[in-house]
Amino acid sequence: MDQWPDYRKAYSFLATNRDSAFYYFNRAASNSADRVQIALTYYNMALIQANAGDDYGAQESLTLSLKKLDEHTNADRAYLTSDYNQLGMTFYNLGENEQAIQYYQLALKFADDPKFRPYILNNEGNSYQYLKDYTKSIACYQAVLKLTGKTGAVYARVLTNLANTKWLQEHHYNAVPELLESLAIRVRENDLWGQNSSYAHLADYYMATKPDSALWYAQKMLAIAKALPSPDDQQQALQKLVLLSSPVKSKTYFRQYQALGDSLQSARNVAKNQFAVIRYNVEKARTENLELQKKNTERRYQLFGVLAAAGLAAILGLWLYRKRRQRLQSEAEKEIRESRLQLSQKVHDQVANGIYSIMSEVEHSQELDRTTLIDKLDNIYEVSRNIAHDEPGADDDFSKRINSLLNAFKRPAIRLAVSGNETELWQRVSKDAKQQLELVLQELMVNMSKHSQATLAHVGFVIEQGYLKIECRDNGVGMTNPNKSGKGLQNTVSRIKRLNGRVTFDTQAATGFCIFIHLPLALL
């Protein structure tokens with residue numbers, strides 16, 4: 001990504017629009033992440049401020065530039081040289097030449113380019129000249145001449161400064177040949193700034209000895225200063241003309257001098273304020289942009305949070321949906337298993353045991369009543385049909401049904417006695433309980449017939465103390481451990497428990513099998 005568009009745009013405004021150049025340099029410094037670019041932008045901002053007379057503002061910009069540079073990085077040495085040299089010039093402009101010299105010496109420390117050293121040494125010589133340390137000033141200028149030779153604009157500048165310093169050191173010194181040689185070079189090279197300097201030095205040189213010549217050079221300086229344009233040099237030229245002109249013209253030059261001074265001061269104040277406003281606006285825009293970026297980042301985080309929460313919610317919802325589907329499927333399968341188990345139990349208890357009862361009666365009854373047999377088979381059919389349609393059986397005289405059930409298991413070898421099977425007894429028992437008890441009795445009779453080898457059996461019914469009590473006893477082989485009973489007896493125990501009753505096996509009897517059933521009438 002190109003990070004230099006603001007810098008290039010600022011550079012394009014340097015020669016035409018100082019404020020626009022300063023604005024874009026400042027914006028480049030605020031928005032760039034490139035430390036070298038930031039250092040360069042602050043350096044160029046300092047040049048603009050110094051040219052506008054805002055030397056304090058220039059010092060601030062140069063300090064910011066130096067903060068981005070590293071003295072231990074070779075690539076930064078040239079930038080350090082420029083910053084320190086420019087800092088020296090700002091202190092020179094403010095009349096603080098001791099500090100100016102310190103910065104020039106720092107600039108020389110990092111000046112690896114031999115072409116740049118003459119400029120710094122010349123500036124250092126100017127500061128020594130201002131401090132009237134002419135010996136050091138001349139030494140600086142002579143050092144420059146050794147580097148430049150005797151041609152070019154730099155030679156002309158140093159030659160002028162050297163001649164002027166020698167004259168200041170010794171007023172009998174004839175500086176004219178060197179000053180005129182320097183002027184000729186500058187005219188030949190069309191160096192207006194250099195010509196302005198030469199005319200100023202020549203005017204000063206002739207001020208005391210040849211006022212007419214001094215006046216002529218001062219007028220030439222004013223014309224060049226206006227052509228540049230350089231208001232500061234115009235002021236210097238006017239100041240000389242006030243001293244050298246006739247009283248009438250001197251007043252005119254003095255009024256021009258005052259007006260120009262006021263204008264210069266006003267322009268500098270405006271420039272300082274304008275630069276401050278530009279910096280404030282750029283910093284404000286940067287702060288607002290950072291705040292906007294922060295808000296956008298917070299909104300992105302909020303959006304990510306919402307999306308993450310929605311994603312988690314969707315995942316959780318999908319997981320719960322699958323768990324619920326698995327649970328429903330499991331419950332459905334369990335319900336099917338239980339339904340099959342109940343159906344199997346009904347078939348075993350109501351159909352298989354009923355058929356076994358009929359088979360037993362057919363096998364052992366000497367006198368078989370065909371009509372009775374058909375009724376029993378028809379009853380088995382109805383039971384089967386009711387199981388298929390999940391319908392309860394008919395609730396007729398229950399005592400007769402029990403009597404018919406028990407009589408089906410009578411054998412020549414088994415004497416079965418029944419007591420208490422009265423209609424009044426069963427009137428206090430619910431229909432569901434009757435159905436369950438019929439199946440229980442049928443199961444017990446089947447077990448006795450198949451396994452007991454009994455010759456005597458008794459089934460008794462009685463209601464005592466709010467309980468329906470049923471006793472089944474035989475003199476067969478019995479059982480030693482009721483906990484290891486078969487499926488039939490387990491079903492019997494389960495049915496009685498569902499009716500809130502209890503089952504007791506008499507394991508103390510020496511022989512035979514005995515079971516006691518207690519059912520609370522209040523819950524039947």
Side-chain angles (χ1 to χ4, degrees), residues 18 49-58 89-97 126-127 129-132 134 156-157 160-161 163-180 182-184 186-187 190-275:
R18 180 184 63 192
Q49 290 169 297
N51 289 335
D54 184 10
D55 289 297
Y56 290 113
M89 293 175 68
T90 60
F91 280 105
Y92 174 82
N93 293 336
L94 294 169
E96 299 175 15
N97 284 278
N126 291 341
S127 289
Q129 184 197 87
Y130 186 92
L131 293 172
K132 298 183 179 181
Y134 301 122
R157 180 186 302 115
T160 297
N161 290 335
N164 187 57
T165 305
K166 288 179 178 179
W167 171 70
L168 290 172
Q169 186 180 39
E170 176 56 57
H171 279 287
H172 296 293
Y173 179 76
N174 183 13
V176 174
E178 294 168 314
L179 292 175
L180 291 176
S182 175
L183 176 60
R186 287 168 164 175
V187 171
N190 195 30
D191 179 6
L192 295 182
W193 286 101
Q195 292 175 44
N196 178 77
S197 172
S198 291
Y199 291 136
H201 289 311
L202 285 164
D204 289 338
Y205 180 82
Y206 285 118
M207 183 78 69
T209 59
K210 294 182 178 181
D212 291 343
S213 297
L215 176 63
W216 188 83
Y217 284 120
Q219 290 172 336
K220 294 291 288 185
M221 179 185 177
L222 179 61
I224 293 292
K226 288 181 178 179
L228 283 172
S230 173
D232 289 317
D233 290 315
Q234 288 181 53
Q235 262 200 317
Q236 290 183 30
L238 288 169
Q239 190 175 24
K240 298 179 193 301
L241 289 171
V242 167
L243 297 174
L244 295 167
S245 302
S246 64
V248 176
K249 286 190 176 181
S250 178
K251 289 182 181 179
T252 303
Y253 287 134
F254 183 73
R255 285 195 293 270
Q256 292 178 14
Y257 175 83
Q258 282 187 315
L260 186 58
D262 293 341
S263 177
L264 264 176
Q265 188 61 42
S266 177
R268 284 171 180 168
N269 290 336
V270 169
K272 291 177 183 179
N273 293 333
Q274 183 66 15
F275 294 144

So does V242 get a backbone contact from the side chain of S250, meaning a donor-acceptor N/O pair under 3.5 Å? yes
When every non-hydrogen atom of Q195 is compared with those of I224, the smallest separation belongs to OE1-CD1, 3.8 Å
Q236 side, atom CD; L238 side, atom CG - distance, nearest 0.5 Å: 10.5 Å
Could you check E178 against T160 for side chain to side chain contact (heavy atoms under 4.5 Å, CB included), going step by step and ending with a plain yes or no? CA-CA 7 Å; E178 294 168 314; T160 297; over 6 Å; no
For the CZ atom on F254, are there more than 12 heavy atoms of other groups (residues, nucleotides or ligands in this structure) within a distance under 6.0 Å? no
Side chain to side chain donor-acceptor pair (under 3.5 Å) partner of T165, the single match among E170, K132, Q129: Q129
Listed partners of H172 passing ring-ring contact (aromatic ring centres under 6.0 Å, His included), at least two apart: none
With a 4.5 Å limit on heavy-atom distance, are the side chains of N196 and S230 in contact? no
Tell me, with the steps shown, if L241 and K249 meet side chain to side chain contact (heavy atoms under 4.5 Å, CB included). CA-CA 8 Å; L241 289 171; K249 286 190 176 181; over 6 Å; no
Measuring from atom OH of Y92 to atom CG of D55, what distance do you get when rounded to the nearest 0.5 angstrom? 12.0 Å
Can you measure from CG (N126) to CG (L131) and round to the nearest 0.5 angstrom? 11.0 Å
Here the pair of heavy atoms bringing Q234 nearest to L260 is CB-CD2, 3.4 Å
Roughly how far apart are L244 CG and W216 CH2, rounded to 0.5 Å? 14.0 Å
Parallel, tilted or perpendicular: rings of H171 and W167 (30°, 60°): perpendicular
Are D191 and W193 close enough, and set up right, to give a side chain to side chain contact (heavy atoms under 4.5 Å, CB included), and what steps lead you there? CA-CA 6 Å; D191 179 6; W193 286 101; 3.9 Å; yes
Going by atom types alone, do S127 and N97 pair a side-chain donor with an acceptor below 3.5 Å? yes
Side chain of D54, backbone of A50: donor and acceptor closer than 3.5 Å? no
Residues 197-213 side chain polar contacts: donor-acceptor under 3.5 Å, at least two apart:
from: S198; atom 1: OG; to: R186; atom 2: NH1; distance (Å): 2.8
from: S198; atom 1: OG; to: G194; atom 2: O; distance (Å): 3.3
from: D204; atom 1: OD1; to: K240; atom 2: NZ; distance (Å): 2.5
from: D204; atom 1: OD2; to: K240; atom 2: NZ; distance (Å): 3.3
from: Y205; atom 1: OH; to: N174; atom 2: OD1; distance (Å): 3.4

